[in-house]
Amino acid sequence: MKKIFPQPSLLFALLLFLSNCSLFEEEEVIPVDPVEIDETKGSEHLLLGNPSEAEAIEILANNYLSEKPQFALSYNDSRGIPNWVSWHLSSRWLGSTSRTDDFLPDFDLPFANNRIDRRDYSGSGFDRGHNCPSADRTSSRKDNAVTFLMSNVIPQAPEHNQKMWNEMEIFTRDQVRRNGNEVYVIMGNYGEGGEGRFGMEKRIGDDKQVAVPKYIWKVVVIIGEGDDDLSRIDERTRVIAVLTENLNRDVKEWHEYRVSVDAIEKETGLDLLSEVPEEIQAVIEAKVDNGPF
Ligand code: MN
Ligand code: MN
């Protein structure tokens, strides 16, 4: 009989090769209990304000406030990603826990029909980009696990995520680890259409539930370690704001993208640092940081 297929061993080798190919990178999903939230910690993350006046009421589906002990966020159900994530970083959040690396749906969110899970990003050409970084929450395994909730994730261009964003995250952590500071960080995004490994995409996921942001921004407020943080923010406080495009090429260093907080507020309609007294806000939001990095 004439052979239609190659040798079985060859066929096996081909299958083995294909299964290692990125086209077939679909990860096995292990069911895990939802991350338990420790209600005794938290609330420090909105000390400088709630930029969109998000609330935990279901009709505010596109500005839904979710406060975790580890960070606070405004979720946008029609985009399948957060509008912004806000967190306090001090030495007490930094320890030696390793990356749990287990991306999970956020079961705290009431939007069950449109719950985003890790597979919505698989094969998309975009990284699962943390807002609050895994490495900012290493004091306990649970704290770290919460950063892997998909509500803390956006589709981020790999070059953007792994280069400039990672470097800005390291710079920010070093402010705490080495320089005796504590910081408040807010990261957000807006617009639709970013560049992944396979080119421009507006939305990803089986049902295109996940918007790919066009712009990604971050604001970092740096103060010396101490108590009563809000009262220690004044006209001289260092505030670093960056506004970047979610692109996969020509990615420059993060500090090349510095803008004023006012510029981000103008683009997004948010009120950042709203708990800081108006006179001080006016000064620190108008400046563009030119400090060392
Ligand atoms: Mn990242
Ligand atoms: Mn403001």
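Note that ligands are numbered from 1 as they come in the structure, with each ligand's atoms numbered from 1 the same way. Because the structure is a prediction, the values reported are computed rather than measured.
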- Task: Have a look at Glu285 and say which of its N, O or S atoms is nearest the Mn ion (ligand 2).
- Result: OE2
- Query: Has the side chain of Asn62 got a donor or acceptor atom that lies under 3.5 Å from a matching backbone atom of Ser78?
  - Reply: yes
- With the Mn ion (ligand 2) as the reference point, give the N/O/S atom of Glu265 that is nearest. OE2
- Do you see an N/O/S atom of Ser274, backbone or side chain, under 2.8 Å from the Mn ion (ligand 2)? no
- Do you see an N/O/S atom of Gln162, backbone or side chain, under 2.8 Å from the Mn ion (ligand 1)? no
- Task: Ignoring hydrogens and angles, tell me if any N or O in the side chain of Ser86 forms a donor-acceptor pair with the backbone of His45 under 3.5 Å.
- Result: yes
- Message: Does the plane of the ring in Phe293 sit parallel, tilted or perpendicular to the ring in His255? Use 30° and 60° as the thresholds.
- Response: parallel
- Item | Atom name of the N, O or S atom in Asp271 that lies nearest to the Mn ion (ligand 2) | OD1
- Message: Under 2.8 Å from the Mn ion (ligand 2), is there any N, O or S atom belonging to Leu273?
- Response: no
- Message: Ring centroids only, cut at 6.0 angstrom: are His130 and Phe103 within range, meaning strictly under it?
- Response: yes
- Distance-only, no hydrogens or angles: does the Arg203 side chain make a donor-acceptor pair with backbone N or O of Gln209 under 3.5 Å? yes
